[in-house]
Amino acid sequence: MARKYWLVKSEPDEFSFDDLKKSKNKTTYWDGVRNYQARNFLRDEMKKGDLVLFYHSNADPLAVLGVCEVVKEGYPDHTQFDPDNDHYDPKAAPENPTWIMVDIKFKQEFKNPVKLDAIKSNAKLKNMKLIARGNRLSIMPVTKEEFEEIIKMGSPSLALP
DNA sequence: GCCAACGTTGGC
DNA sequence: GCCAACGTTGGC
């Protein structure tokens with residue numbers, strides 16, 4: 001199976017790219033996704049070794065900060081069972097979890113964060129879901145071509161395996 | 001802070 | 001199963 005490419009959004013006030021870099025083993029579990037379409041990506045399609053663009057939403061600047069990698073495939077998001085957690089879901093049952101998370105690991109920080117404006121004005125990126133009208137998905141697939149173009153804009157010298 | 005767009009909920 | 005109401009997202 002060929003490697004897939006993704007983009008995840010995070011509000012840096014909640015969890016920033018820097019927070020990921022400072023996490024233990026530069027790895028975190030991607031909890032709190034409560035959208036079925038995004039859940040299906042987490043559960044069915046994100047595989048170990050897939051590469052992920054890390055985007056800051058509701059932020060200044062609005063930009064892709066760098067790249068991380070899926071290091072653990074979909075497993076139950078424990079926060080759905082925790083009444084004290086903001087993402088608690090009273091309808092979720094441990095024997096049949098509704099919500100799924102993966103683990104991602106920091107891989108590369110861009111020299112130049114790739115700003116939303118730059119993405120919008122790049123003709124090669126005009127079909128990115130990120131800039132589609134009304135898009136609210138927090139996890140979305142990115143094509144190989146789009147991924148490579150973003151890399152080129154962010155860290156021209158970076159060679160990816 | 002505004003508001004358009006979208007997903008979810010719940011009454012019928 | 002429809003759809004109005006509501007809550008959330010996220011750029012501006």
Side-chain angles (χ1 to χ4, degrees), chain A residues 4-23 28-46 50-70 73-104 106-143 145-147 149-155:
Chain A
K4 292 196 184 73
Y5 301 90
W6 305 93
L7 181 145
V8 297
K9 293 180 191 170
S10 186
E11 303 198 11
D13 290 346
E14 299 294 324
F15 191 87
S16 70
F17 195 54
D18 223 39
D19 291 332
L20 175 63
K21 201 163 51 171
K22 285 186 286 198
S23 298
T28 193
Y29 50 82
W30 203 252
D31 67 317
V33 174
R34 296 293 182 270
N35 168 285
Y36 285 101
Q37 202 179 341
R39 188 280 310 271
N40 293 346
F41 289 140
L42 289 168
R43 185 188 60 192
D44 305 331
E45 298 200 43
M46 289 182 98
D50 286 1
L51 296 178
V52 182
L53 299 169
F54 195 113
Y55 175 79
H56 277 177
S57 62
N58 276 321
D60 186 18
L62 295 161
V64 177
L65 276 288
V67 181
C68 40
E69 179 177 0
V70 177
E73 296 177 10
Y75 62 108
D77 175 347
H78 58 82
T79 64
Q80 69 194 298
F81 309 124
D82 177 1
D84 295 328
N85 191 286
D86 284 348
H87 303 296
Y88 176 58
D89 181 352
K91 296 195 293 293
E95 61 276 13
N96 184 24
T98 309
W99 306 111
I100 298 294
M101 62 188 185
V102 299
D103 288 358
I104 61 169
F106 173 89
K107 193 170 179 70
Q108 173 79 32
E109 182 166 13
F110 288 158
K111 288 194 185 70
N112 320 302
V114 179
K115 293 183 186 171
L116 183 61
D117 286 351
I119 293 172
K120 283 182 174 170
S121 56
N122 185 330
K124 289 181 188 167
L125 301 176
K126 66 179 191 309
N127 293 323
M128 277 190 81
K129 287 190 170 54
L130 178 68
I131 55 176
R133 184 163 158 274
N135 173 56
R136 290 168 49 187
L137 266 184
S138 62
I139 296 177
M140 66 196 84
V142 172
T143 68
E145 291 71 25
E146 289 162 352
F147 185 87
E149 182 66 15
I150 297 275
I151 296 293
K152 202 186 295 179
M153 294 163 77
S155 277

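Letters A, B, ... mirror the listed sequences (proteins, then strands); counts begin at 1.
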K.L.:
Between F54(A) and W6(A), does the ring centre distance come in under 6.0 Å?
P.N.:
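Centroid separation for F54(A) and W6(A): 6.0 Å or greater.
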K.L.:
Measure from CZ on R34(A) to C1' on dT9(C) and round the result to the nearest Å.
P.N.:
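My rounded result for the distance is 16 Å.
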K.L.:
In whole angstrom, what separates I131(A)'s CD1 from dA5(B)'s P?
P.N.:
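About 17 Å, once rounded to whole Å.
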K.L.:
So, is K91(A) near the phosphate of dT9(B), with a side-chain N or O under 4.0 Å from OP1 or OP2?
P.N.:
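For dT9(B), OP1/OP2 do have a side-chain N/O of K91(A) under 4.0 Å.
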K.L.:
Taking the minimum atom-to-atom distance to the side chain of Y55(A), which one of dG11(C), dT9(B), dG10(C) wins?
P.N.:
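So the nucleotide nearest the side chain must be dG11(C).
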K.L.:
dA5(B), OP1 or OP2 - any side-chain N/O from R133(A) closer than 4.0 Å?
P.N.:
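Yes.
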K.L.:
Looking at I139(A) and W30(A), what are the two nearest heavy atoms and their distance?
P.N.:
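The answer is CD1-CD1, 4.1 Å.
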K.L.:
Rounding to an integer number of Å, can you tell me how far D89(A) CG sits from dT8(C) P?
P.N.:
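Value for this atom pair: 14 Å.
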K.L.:
Measure CD/Q37(A) against P/dA5(B) and give the value in whole Å, please.
P.N.:
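To the nearest whole Å, that distance equals 18 Å.
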K.L.:
Measure up the H78(A) and Y29(A) rings against each other and bin them: parallel (under 30°), tilted (30 to 60°), perpendicular (over 60°).
P.N.:
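Geometry flag for Y29(A) against H78(A): perpendicular rings.
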K.L.:
Grab the CG-C1' distance between L137(A) and dG11(C) for me, whole Å please.
P.N.:
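One finds 16 Å between C1' of dG11(C) and CG of L137(A), rounded.
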K.L.:
Looking at D77(A) and R39(A), is there a salt bridge between them, counting it only when a charged N and a carboxylate O are closer than 4.0 Å?
P.N.:
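Looking at D77(A) together with R39(A), the answer is no, because their closest N to O distance does not fall below 4.0 Å.
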K.L.:
Of the nucleotides dT9(B), dC12(C), dT8(B), which has the atom closest to the Y36(A) side chain?
P.N.:
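The answer is dT8(B), which lies nearest to the side chain.
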K.L.:
Can you figure out which of dT9(B), dG10(C), dC12(C) approaches the side chain of L116(A) most closely?
P.N.:
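For L116(A), the side-chain atoms sit closest to dC12(C).
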K.L.:
N58(A) CG to dG1(B) C1': how many Å, rounded?
P.N.:
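From N58(A) CG to dG1(B) C1': 12 Å.
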K.L.:
Quick one: I139(A) CD1 to dT9(C) P, roughly how many Å, whole number?
P.N.:
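One finds 13 Å between P of dT9(C) and CD1 of I139(A), rounded.
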K.L.:
Do any side-chain nitrogens or oxygens of K9(A) fall under 4.0 Å of OP1 or OP2 in dG10(C)?
P.N.:
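Checking K9(A) against dG10(C): at least one side-chain N or O falls below 4.0 Å of OP1 or OP2.
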K.L.:
Salt bridge or not for K21(A) and D18(A), using N-O below 4.0 Å?
P.N.:
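Looking at D18(A) together with K21(A), the answer is yes, because their closest N to O distance falls below 4.0 Å.
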K.L.:
Measure from NZ on K120(A) to C1' on dG11(C) and round the result to the nearest Å.
P.N.:
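So the two atoms are 7 Å apart, to the nearest Å.
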